[in-house]
Amino acid sequence: MWKFLNGSNKKNVDNSVNIEIDMNNIPVHIAVIMDGNGRWAKQRSLPRTLGHKAGVETLKKIVRECSDIGVKYLTVYAFSTENWKRPKDEVSGLMKLLVEYLRNELNELNENNVIIHTIGNIYKLPEPCIDILNKSIEDTKDNTGLVLNLALNYGGRYEILRAVKNILDDYKKGLISDEDIENLNDSRFSDYLYTKGIPDPDVIIRPSGEQRLSNFLLWQCAYSEFWYSNINWPDFSINDLHKAIRDYQNRDRRFGGVNNGEDK
Ligand code: FPP
């Protein structure tokens, strides 16, 4: 089955969407580095916070579309462990946007069967953020659709160090044995990450022209396909999402093997 949106009678359709995607090969997990908000604002002589506000509008569109086409997990890099270095008013602006987003969107997210999940240490965020995040997680926990995974105060290196420390703690407490340590493998290690139970991303999207990971999902990206574009996140459209998905669908994923993994 193919999806070609132009001219369809779909709700919220973006008329510029003209990229055909294979509905039988939708990536299970898409991860996005929502980059370029600051540059988008600068180009318009606007404060950076308005760039982030415009970025939230893009996020809303992309969440709806991912939910609509059957993506199971959408992880978005909303605030990194390094983003605390930004000017205070930008940090507080981002925190306010997070609260506003969840307050305003929670009903629609629920109606669309979306589950809110977080990765990162959310307990270091301001209290209103923690409260609305906990409420959103609780209110959406029985949904069965798209998992919107918000990376907040998240850093890939911190996540890996935290996993190692937690393994050591469990070992000291006798919760895991010498044998468990000897048998530690990728899958068991993954259970100590924030992303426990979530499959690795199939595709990582980074708009704005940068081509780096910036401490995002370092462990989980081992075999993810990367997709870059020069468009700043506030200008990222459903059509761009479709381009990323179509390009992903044309990639030959071998996971270190040959012939589409058949000879692994
Ligand atoms: C990177 O752009 C973007 C961020 C650090 C924050 C992304 C956050 C949002 C889109 C909104 C808040 C999130 C939610 C979930 C409501 P940048 O500022 O580094 O852009 P630049 O490189 O052009 O300066």
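Both counts, for ligands and for their atoms, begin at 1 and track the order of listing.
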Who's the nearest protein heavy-atom neighbour of [atom], and how far?
{"atom": "atom 10 (C) of ligand 1", "value": "Asn37 ND2, 3.4 Å"}
{"atom": "atom 1 (C) of ligand 1", "value": "Met34 O, 3.3 Å"}
{"atom": "atom 4 (C) of ligand 1", "value": "His52 CE1, 3.9 Å"}
{"atom": "atom 22 (O) of ligand 1", "value": "Arg39 NH2, 2.9 Å"}

Side chain, backbone, both or neither: which part of Lys42 has a heavy atom under 4.0 Å from ligand 1?
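Contact part for Lys42 vs ligand 1: neither.
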Side chains of [X] and [Y]: is there a donor and an acceptor less than 3.5 Å apart?
{"X": "Asp186", "Y": "Trp219", "value": "no"}
{"X": "Tyr154", "Y": "Asn215", "value": "no"}
{"X": "Ser92", "Y": "Asp89", "value": "no"}

Hey, is CG on Asn107 packed in by over 12 heavy atoms from elsewhere, all under 6.0 Å?
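It does not: Asn107 CG has 12 such atoms or fewer within range.
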For Tyr223, is the OH atom crowded, meaning more than 12 foreign heavy atoms sit under 6.0 Å from it?
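Not buried by this count: 12 neighbours or fewer within 6.0 Å.
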Please name the pair of heavy atoms, one in Val114 and one in Asn143, separated by the smallest distance, quoted to 0.1 Å.
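Reported closest heavy-atom pair: O-ND2, 2.8 Å.
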Work out which heavy atom in Arg157 is nearest to a heavy atom in Leu218; give both atom names and the distance.
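Shortest heavy-atom contact: CG-CD1, 3.6 Å.
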I'd like to check whether [X] has a polar contact with ligand 1, where a contact means an N/O of the residue lying under 3.5 Å from an N/O of the ligand.
{"X": "Arg86", "value": "yes"}
{"X": "Tyr77", "value": "no"}
{"X": "Gly38", "value": "yes"}

Hey, which atoms in ligand 1 end up nearer than 4.0 Å to a heavy atom of [X]?
{"X": "Arg48", "value": "17 (P), 18 (O), 24 (O)"}
{"X": "Leu59", "value": "15 (C)"}
{"X": "Val56", "value": "11 (C), 16 (C)"}
{"X": "Leu98", "value": "15 (C), 16 (C)"}
{"X": "Leu94", "value": "6 (C), 8 (C)"}
{"X": "Asn83", "value": "5 (C)"}

Taking the side chain as every heavy atom from C-beta outward, state whether Ile204 and Phe226 have any atom pair closer than 4.5 Å.
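With C-beta onward as the side chain, the pair touches.
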cation_pi(Arg206, Tyr77) dist<6.0 Å, angle<=45
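Pair Arg206/Tyr77 does not count as cation-pi.
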With atom 6 (C) of ligand 1 as the reference point, say which of Gly51, Ala78, Gly93, Ala41 has the nearest heavy atom.
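The option holding the nearest heavy atom is Ala78.
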If we only consider heavy atoms of Ser208, is any one of them less than 4.0 Å away from an atom in ligand 1?
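Heavy atoms of Ser208 never come under 4.0 Å of ligand 1.
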Ignoring hydrogens and geometry, is there a side-chain-to-backbone donor-acceptor pair from Asn83 to Ser80 under 3.5 Å?
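Yes.
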